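What you see is a predicted model, and the numbers here were worked out from it, not measured in a lab.
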2 protein chains.
Amino acid sequence: MSTSKAEATTPVNGSLTRQRRTYSIGELARMFEVTPRTIRFYEQEGLLAPERRGQTRIYHEKDRVRLKLTLRGKRLGFSLAEIREVIEMYDAMPDGNARQLKRLLEILADKRNNMERQLEDIRLMQRELDDVEMRAREVLERLGQD
Amino acid sequence: MSTSKAEATTPVNGSLTRQRRTYSIGELARMFEVTPRTIRFYEQEGLLAPERRGQTRIYHEKDRVRLKLTLRGKRLGFSLAEIREVIEMYDAMPDGNARQLKRLLEILADKRNNMERQLEDIRLMQRELDDVEMRAREVLERLGQD
DNA sequence: GACGACGTTGACGTTAACGTAAAGTGGTTG
DNA sequence: CAACCACTTTACGTTAACGTCAACGTCGTC
C-alpha cells in the first residue's frame with residue numbers, strides 16, 4: 001500500500017452539457033491506476049457487468065461508479081466478496097423481500113462498526129506516528145549539534 | 001473482515017502494583033483472538049522476538065505492545081513487511097544515522113497520507129451506507145403497508 | 001505411568017487478488 | 001497491405017498470510 005493520488009472523479013464535461021457517457025477498459029484502467037486485468041477480474045467476480053459491443057466491453061457511468069466504490073472498499077480492507085454482497089443486495093433492493101432487506105441492514109451495521117473501529121485505529125495510529133516522529137527529530141537534532 | 005470486539009488492553013493488575021509481566025503464546029493468542037500459529041508466523045517475519053526459556057517462548061509487555069500495534073496496522077491495511085520496516089527503524093533509532101532517520105520520516109509521512117486518505121474514504125463510505133440504509137428502510141416501509 | 005493440556009519445529013496446503021504469457025480479433029493509418 | 005494498436009479469452013504463475021497436520025517434548029495430576 002504505497003502513496004498515490006489519483007481519484008478519477010467525474011470528468012469535467014469538456015464541450016457539451018451531457019456527453020462522454022462511455023469508457024473503454026483501458027481508459028477506466030488509466031483513470032483509476034489499475035490494470036485492465038484487474039477490471040476484468042472484478043467483472044469475473046461479479047462486481048461489474050459492462051455492456052458488450054460484440055466482444056469488447058463498454059463501460060458507462062454506472063460501471064465507473066461501481067469501480068470507484070469497489071476500489072474505495074478495497075482501500076478500507078473489504079474483500080471483493082464482501083463488496084459484491086453489498087452491491088448485489090443493493091441491486092436487488094427494489095423488489096427485495098423483507099428478509100433480504102433486513103439482512104442488508106445487518107451487513108450495513110456491521111460495516112458501520114468496522115468504520116468506527118477504523119476511525120479509532122487511525123486516531124491511535126496517528127498518535128503513534130506523532131510520537132515516533134518526535135523522537136526521530138530529537139535524535140536528528142542531536143546528530144546536527146555534535 | 002467480520003465484526004468482533006476484543007482489543008486486549010492493559011491487564012487490570014489484580015493484586016500487586018506491578019506484576020504479571022510475562023505471557024505464554026496461548027495467552028497472547030486468546031487475548032487478541034488470533035492463533036498461536038499467527039504469532040509464530042509474525043516472529044518468523046521479524047515482527048516479534050520473544051525471549052526463550054529453553055524451547056518455549058516467553059512474551060513480555062514489549063512483545064504484547066508490538067503485537068497490538070501489528071494487528072492494528074493490519075486492520076488499517078498495512079502489509080506485514082511495511083509494519084516490520086517501521087518497527088525495525090524504530091528499534092534502530094537511538095544509533096540511527098541521519099539517512100536512516102530521514103528515510104523513517106519519509107515512511108511516516110507516507111503512512112500519514114494513507115491515514116488521511118482513509119479518513120476521507122471512511123467519510124464517503126459512511127455517506128454511501130447512510131444512503132443505502134435509507135432506501136432499504138423506505139422499501140421496508142412500503143412492504144409493511146401493502 | 002498414562003493422560004491431557006500446552007508447547008515446539010518442519011512441511012505442505014489454501015485462498016484472495018491479481019500478474020503474465022500465448023494466441024487470436026478488429027480497426028486505422030502510413 | 002502491412003504494421004500497429006487496443007481489445008479479447010484461456011490458462012498457468014505468484015505472493016501474502018496464514019491453516020493444517022505430523023511427530024515430538026514437558027509438565028501437572030489422577
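With salt bridges taken as basic N to acidic carboxylate O contacts below 4.0 Å, none links B:R40 and B:E43. Salt-bridge annotation for B:K111 and B:E85: absent, with no side-chain N of the basic residue lying under 4.0 Å from a carboxylate O of the acidic one. A salt bridge does not link B:K68 with B:D63: none of the charged nitrogens is closer than 4.0 Å to a carboxylate oxygen.
Contact check, A:T38 against C:dA17: no side-chain N or O comes under 4.0 Å of OP1 or OP2. Close to D:dA16, at under 4.0 Å from its OP1 or OP2, lies no side-chain N or O of B:K74. Here B:R57 reaches the OP1 or OP2 of C:dT9: one of its side-chain N or O atoms lies under 4.0 Å away. For the OP1/OP2 pair of C:dG26 and a distance below 4.0 Å, the side-chain nitrogens and oxygens of A:T56 include no atom meeting the criterion. Contact annotation: A:R37 side-chain N/O to C:dT20 OP1/OP2 distance is not under 4.0 Å. Neither OP1 nor OP2 of C:dA17 sits under 4.0 Å from any side-chain N or O of A:Y42.
For the residue pair B:Y59/B:E51, the side-chain donor-acceptor check at 3.5 Å is not satisfied.
For the pair A:R53 CZ and D:dA6 C1', the interatomic distance rounds to 15 Å; values are reported in whole Å. What separates CZ of B:R40 from P of C:dA11 is a distance of 16 Å, to the nearest Å. If you take CD of B:E85 and C1' of D:dA16, they are 16 Å apart, rounded to a whole angstrom. One interatomic measurement links the two molecules: CD1 of B:I58 to C1' of D:dC27, which rounds to 14 Å at whole-angstrom precision. The distance from atom OH of B:Y59 to atom C1' of C:dT8 is 11 Å, rounded to the nearest whole Å. The separation between A:I25 atom CD1 and D:dA6 atom P is 13 Å, rounded to whole Å. Going from atom CD1 of A:I39 over to atom P of C:dG19 covers 11 Å, rounded to whole Å. In this structure, A:E43 places its CD atom 8 Å from P of D:dT8, rounding to the nearest Å.
Candidate nucleotides D:dT8, C:dC18, C:dT8 were compared by shortest atom distance to the side chain of B:Q55, and C:dT8 ranks first.
A chain of hydrophobic side-chain contacts below 4.5 Å, direct or via other Ile, Leu, Val, Met, Phe, Trp or Tyr residues, connects A:L143 to B:Y90.
Between B:E45 and A:S24, it is A:S24 whose nearest contact on DNA chain D lies nearer the 5' terminus.
Backbone-only engagement by B:R52 is indicated by non-hydrogen atom pairs under 4.0 Å involving sugar-phosphate atoms exclusively.
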